[in-house]
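Excluded from the calculations below are hydrogen atoms, water molecules and symmetry mates; all remaining heavy atoms, backbone and side chain alike, are included. For reference, positions follow the sequence shown, starting with 1.
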Amino acid sequence: MKGGDTMKKLTTKRILAGLMALTVLSLLALPAVVGAQTDDPFGLNNAQINGLSDNTDLRGVIVAIIQVILGFLGIIAVIIILWGGFIYMTASGDSAKTDKAKSMIISGIIGIIIILAAWAIASFVISNVGNALNA
C-alpha cells in the first residue's frame, strides 16, 4: 500500500506542478493576447527600467538602482507570503506544516516591513544629501 500512496503523491505533485507552470505561462502570454492589435505587443520599443536611462547624475542612478533592488526584494517577500499561505492551505491539519507555514508568513511580513523601512531611510538620506549639496 505504501507504494501506491507514494505514486499517488507523485502524481498529485506532478499535476500541481503542471498547473502552476501552465498558469505562469498563460500570464506571460497575456500581454501578447491583449495587445494583439499593436505592432509592438510586448511594449519593447518603449521599455525603460524605472527611469534608469533618464538619470545622468550619480545620485539619480543610485536612487534608481535602490528602487529596483527594493522592488525585487518586495516581490520575493510577497512570494514567500504566498508560498506560506499555500502550505498552510494544503497542510490538512498537520501541525508541523501549519507551524512552518505560519513562520514563513511571519517572515515574509517582517521582510516587507524591513524593505519599507530601508526604502524610507534611503529616501530620507538621499533627499537630505541632495538638499545639502544644492544649498
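Under the 4.5 Å side-chain contact rule for hydrophobic residues, Leu73 and Ile65 share a cluster. There is a path of hydrophobic side-chain contacts, each under 4.5 Å, that joins Ile115 to Ile126.
To the nearest 0.5 Å, atoms CG (Asp94) and CG (Asp99) are separated by 9.0 Å. Atom-to-atom distance recorded for Leu16:CG and Arg14:CZ is 12.5 Å, nearest 0.5 angstrom. Put simply, CG on Leu70 and CD1 on Ile114 are 12.0 Å apart, with the number rounded to the nearest 0.5 Å.
Here the rule is side chain to side chain contact (heavy atoms under 4.5 Å, CB included) with Ile109, and of Ile113, Ile112, Ile106 only Ile113 fits it. Under the side chain to side chain contact (heavy atoms under 4.5 Å, CB included) test applied with Val78, the options Ile80, Ile75, Ile76, Leu82 reduce to a single match, Leu82.
By the ring-ring contact (aromatic ring centres under 6.0 Å, His included) test, Trp119 pairs with no residue at all, sequence neighbours left out.
Without hydrogens or angle criteria, Ser103 side chain to Lys100 main chain gives a donor-acceptor distance under 3.5 Å.
Pairing each heavy atom of Gly84 with each of Ala101, the nearest pair is O-CB, 3.2 Å.
The ring pair (Phe, Tyr, Trp, His ring centres under 6.0 Å) contacts involving residues 63-88 comprise Trp83-Phe86, where partners must be two or more places apart or lie in separate chains.
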